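Notes to accompany the following structure.
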Amino acid sequence: MKPTELSGLPAGVGEHLEGEGVEALYPPQAEAVERGVTDGENVVAAVPTASGKTLIAELAMLSAVERGGTALYIVPLRALASEKRAEFERWEEYGVTVGVSTGNYESDGEWLGSRDVVVATSEKVDSLVRNGAPWIDDLSCVVADEVHLVDDRERGPTLEVTLAKLRRLNHDLQTVALSATVGNAPEIADWLDAELVDSDWRPIDLKTGVHFGNAINFADGSQRKVRVDSGGKQTPALVDDTLDEGGSSLVFVNSRRNAESAAGRLGGVTGDHLTDAERVELRELAADIRDVSDTATSDDLADCVERGAAFHHAGLSSEHRDLVEDAFRDRLIKVIAATPTLAAGVNTPSRRVIVRDWRRYDPEFGGMKPLDTLEVHQMMGRAGRPGLDPYGEAVLLASNNDTKEELFERYIHGEPEPVRSKLAAEPALRTHLLATVASGFANTREDILEFLDNTLYAVQSAGNAQLESVTDTVLNYLDANEFVDRDGDTITATEIGHTVSRLYLDPMSAAAIIDGLRDAEGDDGSREYGSRGAVDGDPDESSGFVTGNDLLDDDPLADTEAEGDAGTGDDADDVSALGLYHLVSRTPDMYQLYLKSGDRETYEEELFERETELLGRTPSEYDDVAFEEWLSALKTARMLEDWAGEVDESRIAERYGVGPGDIRGKVDTAQWLLNAAERLAGELDLSNVVAVREAKKRVEDGVREELLDLTGVRGVGRKRARRLFEAGIETRADLRNADKSVVLGALRGEKTAETVLENVGREDPSMEGVTADADAKRAGREEEEGQASLGDF
DNA sequence: ATAGCGCGAATATAGACAGCATGTC
DNA sequence: CTATATTCGCGCTAT
């Protein structure tokens, strides 16, 4: 079937596709058309990665738009949202408008409603439904990408419930679900009342095999000799072998450290295959990488990249990831050693995929657990670049014959696992039942159960009473915490319940935050809400900690170890920033830092010193689980405090054993939760709203209180603000009136200085002919040296 | 006395969504 | 039966 033969698409689309080289639809695409994707039919397409799933979705969405409707494309990751947006934007010349909505990339709601196609994460869609975005009701087509992720314990239920809600809001909604090949595709189609396209067809041949001894044994019976040198290292031999053919490799490993060390070693292999031109480009890329962040992770990555290798994991900042992914697609980087981030993320195809580690440590399992077949298939699916490689190769590594047999059985001949709904778990239902009640989908227990009947869980558990019993548990919980009211059979959300639902908080997080903030209200007594009693110890102590202000004169970036900066300070009712950081860090919405062996002692001591600042009662030391969580929340809180105390990124990374990406992630989450805390405090008329807002702003900008005014200027972050401050420019007003030479001295670089002055609203920002003030320059330098000397902690 | 070495023991282990108000190629 | 890379700690030796 030719694209131009398709009916119901906007004029020009078929020709455009042919222009892209799509001469005929791939068989699964043609089958989807036969089943009616372009006529508004529900379709579930369970096909391998890179076999044209996206075009199936595009056909559905474009035909929906042509009929005057609008479409929503749901993705699991923010990075995928921008990737898809970019892809769909090629239809704009045929009059199809595209918009994106994710947590960090928010377009105006009204504007979004005017788009023909909107790309959003599942959580964002859920949030839009909760907040009653009007355009949601008018959708005519929804696409769920990677729908097999409903199997995920944490995030799966969101997608499941969101799809159920969208379909409830609009019974005529066309539902298209794209899935990897899974064990139970018919069941998913059944759930969504959809036609099923289930296929193993791939546009490029994928040769799968196991390397053992001196050869890859492919599933088709063929062999390829890949000699392993005396060192016995299979991975470098395979990478080298691919390079000889001019191809790049993707190596999947099971830990960050393994990824980093493997990349280091593989750099020795790739380094021999580079042209001089590539070396130059790689050096530039390495410099860009170093510029992203001043951390050991960043340096290590740059070192690898200079030799044509890279590692990839969640400890990298998103800028790092983008640089690495782009360079790999451009074939500049020859090999990436990656954790599973890359298998689920944006498209990074490679000639050869090497699944080195097929087991991963799992504390619940109590050892090394084999990866799911589905997950390994996702990794292997990255092999083969359409239009560039004749075929892709996916190779598993075995060190003995038994392993070889097992790998064949499990991952090459084995069926992927069936997808199982994880909806009947308390944490999932806590959030979703409150939202279901709050946004009016149900207002009795029976309504709720009937609504839940539209989920995959219901399809898979006919006659199973578990969902019902968990529902009752959760309703009791919501009632006890005053998020819902029960009047006879009628269940309604309370005002605070509505807020919690709209803020997208786990009700348990909200309860913890409310509890903690009320606790800090101290003895005003009028609000006894699930109170666990006041903080132990002398009440005067709650405002008696060191504010650290006296440290500022000597060394503004001194270690914040002894510091409990209370923000606004003088109010006896006030809570310290650390207390608030700890409060949000111990909610289920914050993924806490891991306690390493020595940490337990360190943070027990820390707890002893600063317990009075924490909100709520410290759990008993004998309650091992709770106490440990309390401590790791303290560790997380200390990291946030360091960040807000202007401790250098490299020191934070070193002290807490994290990468720049982790720091950003924690800081982001803290901002979000503190914002929610601020709203809750405001709504409940708690006195500590101001302290919460202050703590939030400091985390946002990563600065101490006195810099908050300066960081309000666009282009001024924590570093520039501190340098300006040291040069005597303490406020925006100062900046507008300051001597230009001082500004230039502090900021270095004429262009930066001009931009900053422009942003602060100065009339004559030009830096022409201005020379940097020596004192201001020196202040900056000393600060950096001071920073460096702190390294030996 | 001590730097250097070899070797068994100990250690640690993936990922990442959301609010809000502004601003961005 | 099945992890593995890396660091740590200890006892030993050569200087």
Side-chain angles (χ1 to χ4, degrees), chain A residues 74-82 86 89 100-109 120-128 130-131 149 152-159 162 252-262 264-265 312-316 318 321 338-345 356-363 365 367-371 375 397-400 402-403 406 431 435 499-506 509 587 589-591 594-599 657 661-662 664-666 668-680 693 696-697 700 712 714-715 759:
Chain A
I74 305 178
V75 290
L77 296 171
R78 295 199 286 231
L80 285 173
S82 21
E89 270 175 353
V100 197
S101 181
T102 65
N104 62 345
Y105 190 100
E106 169 72 16
S107 315
D108 172 58
T121 54
S122 35
E123 284 78 8
K124 188 66 195 189
V125 177
D126 187 12
S127 168
L128 288 164
R130 293 183 188 196
N131 288 286
L149 291 175
D152 185 276
R153 192 162 292 285
E154 274 100 50
R155 298 182 54 208
T158 304
L159 179 58
T162 300
F252 284 104
V253 299
N254 64 3
S255 75
R256 293 181 180 191
R257 215 165 59 178
N258 285 343
E260 294 187 15
S261 60
R265 275 195 306 274
H312 190 288
H313 58 61
L316 298 182
S318 54
R321 291 197 225 179
T339 56
T341 10
L342 212 57
R356 194 194 77 177
D357 300 337
W358 55 283
R359 280 180 288 208
R360 184 162 49 223
Y361 179 79
D362 181 346
F365 184 77
M368 298 303 282
K369 187 181 178 186
L371 301 186
E375 195 175 350
L397 303 191
S399 56
N400 60 55
D402 286 353
T403 309
E406 182 178 357
T431 304
T499 304
V500 170
S501 170
R502 279 197 300 263
L503 288 172
Y504 212 81
L505 278 182
D506 181 334
S509 296
T587 64
D589 278 309
M590 176 77 88
Y591 195 91
Y594 182 87
L595 270 197
K596 304 186 189 203
S597 63
D599 286 351
D662 302 297
R664 288 292 342 160
K666 294 288 173 298
D668 260 13
T669 310
Q671 278 174 41
W672 166 54
L673 286 171
L674 286 167
N675 180 265
E678 184 191 338
R679 291 275 297 271
L680 290 173
R693 181 158 47 232
K696 178 190 77 173
K697 282 206 310 218
E700 254 166 33
R714 195 166 11 121
N759 290 341

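The chains referred to below are lettered A, B, ... by the order of the sequence lines, with proteins before strands, and numbering in each begins at 1. Heavy atoms only: backbone and side chains are in, while hydrogens, waters and symmetry mates are out. Source: prediction; values computed, not measured.
Within the 4.0 Å cut-off from OP1 or OP2 of B/dA18, at least one side-chain nitrogen or oxygen of A/T121 is found. Phosphate proximity of B/dA18 to A/R502: absent, as no side-chain N or O sits under 4.0 Å from OP1 or OP2. Considering only side-chain N and O atoms, A/R356 lies nowhere under 4.0 angstrom from the phosphate OP1 or OP2 of C/dT4.
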Q | Structure string for DNA chain C in dot-bracket form, Watson-Crick and G-U at under 3.5 Å, | interchain | A | ..|||||||||||||

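Annotation: side-chain contact (heavy atoms from CB on, under 4.5 Å) contacts of A/L371 (sequence neighbours excluded): A/R360, A/E375, A/V376, A/M379, A/Y411. Qualifying side-chain contact (heavy atoms from CB on, under 4.5 Å) partners for A/A670, counting only residues two or more places apart in sequence or in other chains: A/M590, A/L640, A/V699.
In this structure, B/dA18 forms no base pair with any nucleotide, since neither Watson-Crick nor G-U wobble geometry is met with both distances under 3.5 Å. Pairing of B/dG23, defined by two Watson-Crick or G-U wobble distances under 3.5 Å, is not identified with any nucleotide.
Separating the CD atom of A/E123 from the P atom of B/dA18 is a distance of 6 Å, rounded to the nearest angstrom. A/Y591 places its OH atom 7 Å from the C1' atom of B/dA14, with the value rounded to the nearest Å.
Backbone-only engagement by A/N254 is indicated by non-hydrogen atom pairs under 4.0 Å involving sugar-phosphate atoms exclusively.
Per the stacking criterion (ring centres < 5.5 Å, plane angle < 30°), A/W672 stacks onto the base of B/dA18.
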